[in-house]
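Reading through the structure tokens given below for one structure.
Each chain gets a letter, A, B and so on, in the order its sequence line appears, and its residues count up from 1.
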Amino acid sequence: MTTLVPVTYKGGVYRHDEIMDLIDDLGGYIVQKHVMAQDVVLQSFVPRDDIDLIREIAKPLAGEVVEAPLVGTEIAVVSPSLEIHHLPHTACDIAEYLRRSGAKTNMVGLSRGFGKRIANLNDEERDVINEHDLAVYALGNFEECIQQKFPVLRRGIHVPIVVTGAPDRETLLRIIDPPVEGYVGGVGRIMHRFKRPEELAKLDELVDEVSRTLDARRDDLARDPLSIFPPRLMAILEERIHEISMLTHPTPVTAQMEGLRVKLPYDLYADGVRSLEVASGVTIGDIASVTPSRMRNYILIRIKPFSETRILV
Amino acid sequence: MPPLNYFVVESPDEIGREAYERIVADVLQDLDLIKVVDRLHIYVDPKVPIFVAAGVLRHMPRAIRISDFANINPGEKEIVLDIGDETYLAPLLQNLWARYGKENVDQPDRFTVVLPAGVAGEEDLEHMVVADPSETLYMDVIYALQYIAPEGFKVRRQYIRDEKFYYVASEDTLPADIVETMIVPIFAKMGVTL
């Protein structure tokens, strides 16, 4: 079986459809396409052996292919509030940097996440965060505050968490109990855009921490694979439900590591999605759970593992 | 940041202290207040929890009068105000409308305002106060401190008068004698009596 690796293709608009066709022909998947003025960015999965071929074909088009460890993941960047104290810097800079590595990021601004004693997480916020592959918590400057408020902010969260804060990594490791999956120290409440080399180095460290965490999850998934590869299901949905092509969202279907978020109203489309046939005799309902998302009225598809369905599409 | 004459951030948490030093520098720079603030002392202790900022402003800008930005040319039938700087044109018109009525204030072009002769004396006009930048400056300084302080510290007390200001905030109720116990000693460190 060929291994698909996550890559980002960056090039011009001119003849980029040839690259898209090539990826398709090679058996790869495009999970996200961005067109920005003259430039195109394709977040895609391609067979490892064929990366050089794509590079070669993209050369006359001045396109470049780089490995992007976070393609096909949806990450929540959690900020204690939407006030000027915490936004736009830190949270937005983190989100933007993760996006450069291929992730689809969503900002989650808590309604009452600020303060030491008064910090809170409500059920909607908890459920929304749990719909992601990973949550990055952008916390503040004081050790004391992080120690006291973090247990509250993580209550009920079962996705992996990476914490950032001003105290150094060792301090974060010491004060957070039970441990979380990743820590990045030295990034607290910063009131300017990340631009100094040491600040950018911190963001690189964060990307490493996030990809390490997600790689560990991918290894687990390799032991008990999903019944269908999410980007493959995404391609099927896009082909079979034509309404998806009429959505104006940047990502009408968002690929996650273990599922998809389809941005169609649940009430109208859930039954249609459930009964959609992905292979002869196998419907989506057989291999995945189709549930309402807490994000607006979207549909959340969580693909079940092979061990549960005994089906591999 | 060009140095203030006195700038100290105190905190039992060394990393937090450094972070707050950077936050203050960024905020004062963003809000263009570096030239305004002369001395600033901040004390922040997340254990209590308390945030105190106290300081002295450099000088308060004086009130803006018509003579500061316009020439007044009295004629036989009308008085022509020749506007040199448009910054305060909007408050000027508001003031003139309120005092002489809209029917008496004519503005044939951007830089000219015409009043009929006799409604106002030249002296009156020259000394008419149009705007007081110190009013908005007070608000800017308080806003900056609100912006610097940790967001969770919602209970606060603020004061700004005669170039001295303080801002105390906490998550919990502030003690009634906070000014005497915390702020007066901080002002004393800066060599100022409140």
Side-chain angles (χ1 to χ4, degrees), chain A residues 79-91 93 109-121 138-150 152-153 164-172 174-175 183-196 198-199 202, chain B residues 1-2 7 9-34 37 40 42-53 139-156 167-175:
Chain A
S79 155
S81 81
L82 292 176
E83 263 283 349
I84 194 159
H85 297 74
H86 302 103
L87 289 172
H89 308 301
T90 342
D93 290 355
L110 304 180
S111 53
R112 291 187 170 270
F114 46 76
K116 180 176 80 156
R117 177 176 55 81
I118 57 177
N120 256 319
L121 183 79
L139 298 182
N141 290 333
F142 290 117
E143 183 186 327
E144 168 85 15
C145 296
I146 295 176
Q147 188 170 14
Q148 191 167 338
K149 74 195 273 184
F150 188 64
V152 180
L153 296 185
T164 72
D168 53 25
R169 195 188 149 87
E170 286 66 38
T171 315
L172 287 174
R174 178 166 54 77
I175 60 176
Y183 307 86
V184 180
V187 186
R189 183 152 81 91
I190 291 178
M191 305 298 246
H192 55 257
R193 202 178 149 77
F194 283 56
K195 55 186 173 217
R196 293 211 300 264
E198 63 269 24
E199 291 162 350
K202 284 287 166 200
Chain B
M1 167 166 133
F7 174 50
V9 178
E10 250 186 298
S11 172
D13 184 333
E14 178 55 26
I15 289 170
R17 194 193 69 74
E18 282 168 21
Y20 268 82
E21 239 170 42
R22 278 200 307 274
I23 290 176
V24 172
D26 285 339
V27 171
L28 292 185
Q29 206 154 14
D30 278 1
L31 301 181
D32 212 8
L33 288 174
I34 287 173
V37 179
L40 181 63
I42 285 177
Y43 174 78
V44 50
D45 186 348
K47 282 211 167 72
V48 178
I50 188 93
F51 172 90
V52 186
M139 286 194 281
D140 288 351
V141 171
I142 295 298
Y143 174 70
L145 295 171
Q146 225 172 308
Y147 189 172
I148 292 166
E151 197 195 342
F153 291 15
K154 296 278 187 196
V155 183
R156 62 171 201 258
Y167 178 99
V168 210
S170 172
E171 231 173 47
D172 304 328
T173 322
L174 289 166

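For Phe194(A), the ring-ring contact (aromatic ring centres under 6.0 Å, His included) test picks out no residue, with sequence neighbours left out. For Pro175(B), the side chain to side chain contact (heavy atoms under 4.5 Å, CB included) partners two or more places apart in sequence, or in a different chain, are Asp177(B), Ile178(B).
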Can you list every donor-acceptor pair under 3.5 Å that links chain B to chain A?
unit_1    : atom_1 : unit_2    : atom_2 : d
Asp13(B)  : OD2    : Glu143(A) : N      : 3.3
Tyr20(B)  : OH     : Arg189(A) : NH2    : 3.1
Asp26(B)  : OD1    : His192(A) : ND1    : 3.3
Asp26(B)  : OD2    : His192(A) : ND1    : 2.5
Pro46(B)  : O      : Lys116(A) : NZ     : 2.9
Lys47(B)  : O      : Lys116(A) : NZ     : 3.4
Gln146(B) : O      : His85(A)  : NE2    : 2.7
Tyr147(B) : O      : His85(A)  : NE2    : 3.4
Tyr147(B) : O      : Arg189(A) : NH1    : 3.4
Ile148(B) : O      : Arg189(A) : NH2    : 2.5
Ala149(B) : O      : His85(A)  : NE2    : 3.3
Ala149(B) : O      : Arg189(A) : NH2    : 3.4
Glu151(B) : OE1    : Ser81(A)  : OG     : 2.5
Glu151(B) : OE1    : His86(A)  : ND1    : 2.9
Glu151(B) : OE2    : Ser81(A)  : OG     : 3.1
Glu171(B) : O      : Arg117(A) : NH2    : 3.2
Glu171(B) : OE1    : Arg117(A) : N      : 2.8
Glu171(B) : OE2    : Lys116(A) : N      : 2.3
Glu171(B) : OE2    : Arg117(A) : N      : 3.3
Asp172(B) : OD1    : Arg117(A) : NE     : 2.9
Asp172(B) : OD1    : Arg117(A) : NH2    : 2.6

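Between Val44(B) and Phe142(A), some side-chain heavy-atom pair lies under the 4.5 Å cut-off.
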